[in-house]
**Student:** 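Before anything else, here's the structure in question.
Naming: A, B, ... by sequence-line order, numbering from 1 per chain.
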Protein chains: 2
Amino acid sequence: MNAIQEIFLKMFSRFPEEAIIQFANAFSEKKLKKGDFLLQEGQICRDLVFILNGNMMCYYLKDGKRYIDEFSLDYEFITDYTSFIYQSTTDKYIECLEDCVIYTLSYERMNALYDLPHQPFDRLGRMMAEQIYLQWHEKSKSLLMDDATERYLKLINKRPYLSQRVPQYLIAEYLGIAPESLSRIRKSLTNTKV
Amino acid sequence: MNAIQEIFLKMFSRFPEEAIIQFANAFSEKKLKKGDFLLQEGQICRDLVFILNGNMMCYYLKDGKRYIDEFSLDYEFITDYTSFIYQSTTDKYIECLEDCVIYTLSYERMNALYDLPHQPFDRLGRMMAEQIYLQWHEKSKSLLMDDATERYLKLINKRPYLSQRVPQYLIAEYLGIAPESLSRIRKSLTNTKV
DNA sequence: CCCGTTCATTGATGTAGGTTAAGAAGGGGG
DNA sequence: CCCCCTTCTTAACCTACATCAATGAACGGG
């Protein structure tokens, strides 16, 4: 039993064991260095990626400004789902913030799994898509309704380890504010807390 | 062949015809009046809803302010997917902006479909979830990267009929800005256009 | 036809967060 | 040990959008 099999069995414990083993075995291990790109604008996202350990961020560039879409760390998936599903060119960058050990599943292998007799992996795919939808709906809602301070508090509450692994100016870019603004927000929070 | 069967056959033309007929037949017709609520805060979302014709909006209330999550018109689905999937209480309101004829599919019937032998509807569910994810990811991206003018232009470009069916102050609330700001944005657009 | 209501516009002013610029604090490599 | 480089902070000023208040336009009912 290898590492990724064990992890997936725990993560997808509601699914039949043989199916999950089959799923895990479809992935291949790769290693990336800090600063390496998993994906760059203009490319097509070929793989669904599971991070065994490491730290990556996705971002877009617009008018020379960087907008961070998400951070993915140990035991999380990362991909450009849009580019992956449609095999269309991406406008996203995925860059390693630390050395990473990843497991990749190509579009072809994923579809081969989906198209097995009786489509045993569609439910897994459905549930993963439902999860990722919920996540992004929540994020939209927060961007619409919450000010920067609230968004920051929610983030450090939900993913407290992020501030250990990601510099503050990147967290600011993720929140959609300037690094200077996050600094001010943090200052005003410590003031009101004391 | 009834109306919804025909519509679904066209919408889901990549799926086997019998499956789509079965899916369509699981829905029940209902009628709602302008001002009626399909869902209110504290309730549990029991149904996935397809709008045959009509016009609804979803919104949240926070500190007495309304934030519009989406508009759904003829031939579109609407639900609180989060509350629907988990059968958890919602913080969302869904209100009719016009009289509506809708088709509803209850959580129980949906799951009965999912759990049929060989799970023939998981692929449909997966693709719907993938679609809805893409939509909300796009929206998050726009909220993060685009200013109000750009968000407005994208909206009227993507859904030009909306401004015929939805008053301007609701469009402003959807964009996350004050009605007065939208008025000013529109003014500045006509000026630069001429 | 008038009147009340609803919606859009406009102007004045307030505020969150952006921009620019500078300095301070840490930390790894020569 | 020092230097450079990265990161964080602070301050002054700027901009986009919010808020408040008033006016105007459209519309539907009595």
**Student:** Hey, are A:Asp122 and B:Gln119 close enough side-chain-wise for a donor-acceptor pair under 3.5 Å?
**Tutor:** no

**Student:** B:Arg159 side chain to B:Phe71 main-chain N or O, any donor-acceptor pair under 3.5 Å?
**Tutor:** yes

**Student:** Just checking, any donor-acceptor pair under 3.5 angstrom between side chains of B:Tyr93 and B:Gln40?
**Tutor:** no

**Student:** Please report the end-to-end axis angle for the helix from C:dC1-D:dG30 to C:dG30-D:dC1, five pairs per end, rounded to 10 degrees.
**Tutor:** 30°

**Student:** Go through DNA chain D in 5' to 3' direction and return only the first and the last nucleotide with some atom under 4.0 Å of chain B's heavy atoms.
**Tutor:** D:dC17 to D:dA21

**Student:** One thing to verify: whether B:Lys92 and B:Asp69 come together as a salt bridge, which I'm taking to mean a side-chain N less than 4.0 angstrom from a carboxylate O.
**Tutor:** yes

**Student:** Run the salt-bridge test on B:Lys33 and B:Glu98 with the 4.0 Å N-O cut-off and return the result as yes or no.
**Tutor:** no

**Student:** Taking NZ, NE, NH1 and NH2 as the nitrogens, is one of them in B:Asp146 or B:Lys154 under 4.0 Å from a carboxylate oxygen of the other?
**Tutor:** yes

**Student:** Quick test of your reading of the model: are B:Lys34 and B:Asp99 salt-bridged, counting only N-O distances below 4.0 Å?
**Tutor:** no

**Student:** For nucleotides 21-30 of chain C, give me one character per nucleotide, 5' to 3': B if any protein heavy atom sits under 4.0 Å from the base, S if the only such contacts are to the sugar-phosphate, - if neither.
**Tutor:** B---------

**Student:** What parts of residues 160-174 of chain A reach DNA chain D, counting only heavy atoms under 4.0 Å away?
**Tutor:** A:Pro167, A:Gln168, A:Tyr169

**Student:** Which is it for B:Ile171 and B:Leu182 under the side-chain contact (heavy atoms from CB on, under 4.5 Å) test, yes or no, and what are the steps along the way?
**Tutor:** CA-CA 8 Å; B:Ile171 292 189; B:Leu182 181 52; 3.9 Å; yes

**Student:** Can a side-chain donor-acceptor contact be found between A:Thr90 and A:Asp80 if the only test is distance below 3.5 angstrom?
**Tutor:** yes

**Student:** Rounded to the nearest 0.5 Å, what separation is found between the CZ atom of B:Arg109 and the CG atom of B:Asn25?
**Tutor:** 8.5 Å

**Student:** Does a sphere of radius 6.0 Å around CD in A:Glu17 hold more than 12 heavy atoms from other residues, nucleotides or ligands, not counting ones at 6.0 Å or beyond?
**Tutor:** no

**Student:** Above 12 or not: heavy atoms from other molecules or residues under 6.0 Å from OH of B:Tyr75?
**Tutor:** no

**Student:** Base contacts versus sugar-phosphate-only contacts with protein, heavy atoms under 4.0 Å: please encode nucleotides 12-18 of chain C as B, S and - from 5' to 3'.
**Tutor:** B----SB

**Student:** Got a sec, which pairs hit salt bridge (Lys or Arg N to Asp or Glu O under 4.0 Å) with one end in residues 169-180 of chain A, sequence neighbours left out?
**Tutor:** A:Arg66-A:Glu173

**Student:** Looking at A:Lys31 and A:Asp36, does any basic side-chain N land under 4.0 Å from a carboxylate oxygen?
**Tutor:** no

**Student:** I'd like to know if B:Arg123 and A:Asp115 make a salt bridge, using a cut-off of under 4.0 Å between side-chain N and carboxylate O.
**Tutor:** yes

